[in-house]
K.L.:
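Quick one: the structure is below, and I'll ask about it shortly.
Protein chains get the first letters and strands the later ones, always in sequence-line order, with residue 1 at the start of each.
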2 protein chains.
Amino acid sequence: MRASGSDRRDHGPTVSEAEMTATLADVAARAQVSPATVSRVLNGNYPVAAATRERVLRAVDELDYVLNGPASSLAAATSDLVGILVNDIADPFFGIMAGAAQAAIGEERGAREKLSVICNTGGSPERELTYLTLLQRQRAAAVILTGGALEDPEHAAAVGAKLARLADAGTRIVLCGRPPLPGDSVTATLAFDNRGGSRRLTDHVIGLGHRRIGYVAGPPERTTTRHRLEGHRSALAAAGLRQDGLVVHGSYDRRSGYDATLELLRREPELTAVVAANDTVALGACAALRDRGLCVPGDVSVAGFVDLPFSADAVPALTTVRLPLSEAGARAGRLALGLEPAPPGGIATVHGELMVRGSTGAVRAGG
Amino acid sequence: MRASGSDRRDHGPTVSEAEMTATLADVAARAQVSPATVSRVLNGNYPVAAATRERVLRAVDELDYVLNGPASSLAAATSDLVGILVNDIADPFFGIMAGAAQAAIGEERGAREKLSVICNTGGSPERELTYLTLLQRQRAAAVILTGGALEDPEHAAAVGAKLARLADAGTRIVLCGRPPLPGDSVTATLAFDNRGGSRRLTDHVIGLGHRRIGYVAGPPERTTTRHRLEGHRSALAAAGLRQDGLVVHGSYDRRSGYDATLELLRREPELTAVVAANDTVALGACAALRDRGLCVPGDVSVAGFVDLPFSADAVPALTTVRLPLSEAGARAGRLALGLEPAPPGGIATVHGELMVRGSTGAVRAGG
DNA sequence: CTGTTAGCGCCTTCAA
DNA sequence: TTGAAGGCGCTAACAG
């Protein structure tokens, strides 16, 4: 049996007051104003006399009152939840972007404090849809989708439909590090120039004299994978090189880089360079080469993508393409809050910067 | 002006039906049952005739109905939100734990699907409290706090008070990789044995003959920092070594390890070993040593803590103490859902395993 | 097994 | 500048 706010409107503090969570009515009673007034000072978007506001805030403090989110969301038909979807939160690629987005959203000291939260799909299409539904259920204010998308047409359609419904319900949709989507449900897209960055990277490797270049790609059905691979291939084509047998797919982790590199070596013992889909994979490649008794870059050059913090500290330091993850994440956060105008056409391309370091060198004499 | 569900109870599909988000009443009308029945099939915790359920589910599908979370939470006075607080989501230490917790929670195909969500405090006490308030506002079902706590008494008291209020309101509290808290608001605690692991690590280093051992600690006011440092000191003490001047504090990142190591070298040029507060810091230490022209472990041995995935791939591979992050995170998730009984006394200590690898070796002849 | 009836706590017109 | 009143969409007793 709960003592409702109005029930004790005329009483002083009671035992039950200490045990039950206070409601807005309790605050109103204590501050001698109507619930409506309390609501107004709490939301701050309506004129309230300074003295009244004072009294209300004091009552809030004394009662340790915390707004009931669900009730508030229900009545206002809006919520302060912002969801950030990531494919693998254990990968700093996502951790950095998501952290930056969350920080940007948290910094906004605006009217209603937003609750920005990270949702880890683990790369599973089902969980991606589940999270989207859950966020839709919460009537999320905004959703940020980060990283490469799955290219399976069925899943893409399902996601598109979900996003359309979310957008219909007023949820802002922002894509960060993910290619644009057809339709007008997406508020803004920050797309990484994976193709261009990859192209410059492989150009660099070719420029060092390498001709037998292996490529360790990510999972085949991801946009990120495809775009980076396309950039790589366009560089090869421009140099007149054809080596379709020298591409091995795997996941975006270290183990995959290790295994794929051994496979590349098997296919082409005269390999002199390995370009990897990302830095983590590149480090796996380095490990495999070492275990085979090969020197980096003396025998084989290695290059990565993204430029994670540890890449500069690797031995040798990793040549890679730097993606501005923090900046992109922060911008996505601001776009999700509508603090920043969407780029023209709703799409901005974020370019990577080639970072030439110790892991790539001129092809060995015998190459 | 919104067409409410009951308003069109007797009509067929209309334009507005396509544009407005359907409500439970719409579904009820379409399935020719009462709203209560729809609620019952949706929540699945009440007997409903198979045929009725069928009809309801079909209506749900046809209308693309999605439950209104806020309304549901308000009525039921509970929510399906689970918050996971982390200090730095860009650090895989947290990414791995949080990802595992989220996966464990997502796997639970129980009654109501839980929305587990990661909140990145960035190590800021204010943001930690803000997130706790926001989660309290959402009437979260559970909160998981991961990683070391701040030892500032004022902040600790504030957090304690918040947790007490959350617990009062029925929120389950789980600590993962964080020392136990006084009081009974915490449902379960999984504490890492930082002291013991650190002790064994430094014992190992001493056993290799090292006597001038530098220590790169984390931020001074974190429990994790203090416990690991205490373990280190107890090992030194047991070996009769006193070297308080050889401890440098910093943050838990690579840069800090780099700078701190240079400082240690300045204080003690004859240094033969560096023990770091975590793996990331240890890699920074390695980089500093290399830049000084010193070999690891030939000139100076280096050891880390935690055993992140890249640590085994470092050159040389890093000696460290392996913490079972995934297992702990998953268990914390299950504890948060009440799927697993709390350990006796509410507290379980999770031990680390010494991983001896290439970065530590016998002290050099001249040492 | 199913319908009816009250609210959950807050926001938001409308009046004053 | 403030109060009064109704309803947001759903759940949870109660009946039947």
K.L.:
Using the test salt bridge (charged side-chain N to carboxylate O under 4.0 Å, His left out), find all partners of B/Arg331 that sit at least two apart in sequence or belong to another chain.
P.N.:
B/Glu340

K.L.:
Just how far, in rounded Å, is P of C/dT2 from CD of B/Gln32?
P.N.:
14 Å

K.L.:
Taking CG from A/Leu74 and P from D/dG6, how many angstroms apart are they, rounded to a whole number?
P.N.:
18 Å

K.L.:
Find the distance B/Arg55:CZ to C/dC1:P and express it as a whole number of Å.
P.N.:
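In whole Å, C/dC1 P lies 14 Å from B/Arg55 CZ.
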
K.L.:
When you measure from the side-chain N and O atoms of B/Thr52 to the phosphate of C/dC1, is any distance below 4.0 Å, counting only OP1 and OP2?
P.N.:
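No.
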
K.L.:
I'd like to check the side chain to side chain donor-acceptor pair (under 3.5 Å) partners of B/Thr121; sequence neighbours left out, ordered by chain and number.
P.N.:
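For B/Thr121 there are no side chain to side chain donor-acceptor pair (under 3.5 Å) partners, ignoring immediate neighbours.
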
K.L.:
List for me each residue that meets side chain to side chain donor-acceptor pair (under 3.5 Å) alongside B/Asn87, sequence neighbours excluded, and say none if there are none.
P.N.:
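For B/Asn87, no residue satisfies side chain to side chain donor-acceptor pair (under 3.5 Å) once neighbours in sequence are set aside.
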
K.L.:
Using a 4.0 Å cut-off on protein heavy atoms (strictly under), produce a 5'-to-3' string for nucleotides 10-16 of chain C with B for base contact, S for backbone-only sugar-phosphate contact, and - for none.
P.N.:
BSBB---

K.L.:
My understanding is that only residues two or more places apart in sequence, or in another chain, count here; which of them pass salt bridge (charged side-chain N to carboxylate O under 4.0 Å, His left out) with B/Arg55?
P.N.:
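Per chain and number, B/Arg55 pairs via salt bridge (charged side-chain N to carboxylate O under 4.0 Å, His left out) with no residue.
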
K.L.:
If the condition is side chain to side chain donor-acceptor pair (under 3.5 Å), which residues does B/Asp64 pass it with, not counting sequence neighbours?
P.N.:
A/Arg165

K.L.:
Only one of A/Val186, A/Leu175, A/Thr189 passes side chain to side chain contact (heavy atoms under 4.5 Å, CB included) with A/Pro180; say which it is.
P.N.:
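Output: one option passes, namely A/Thr189.
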
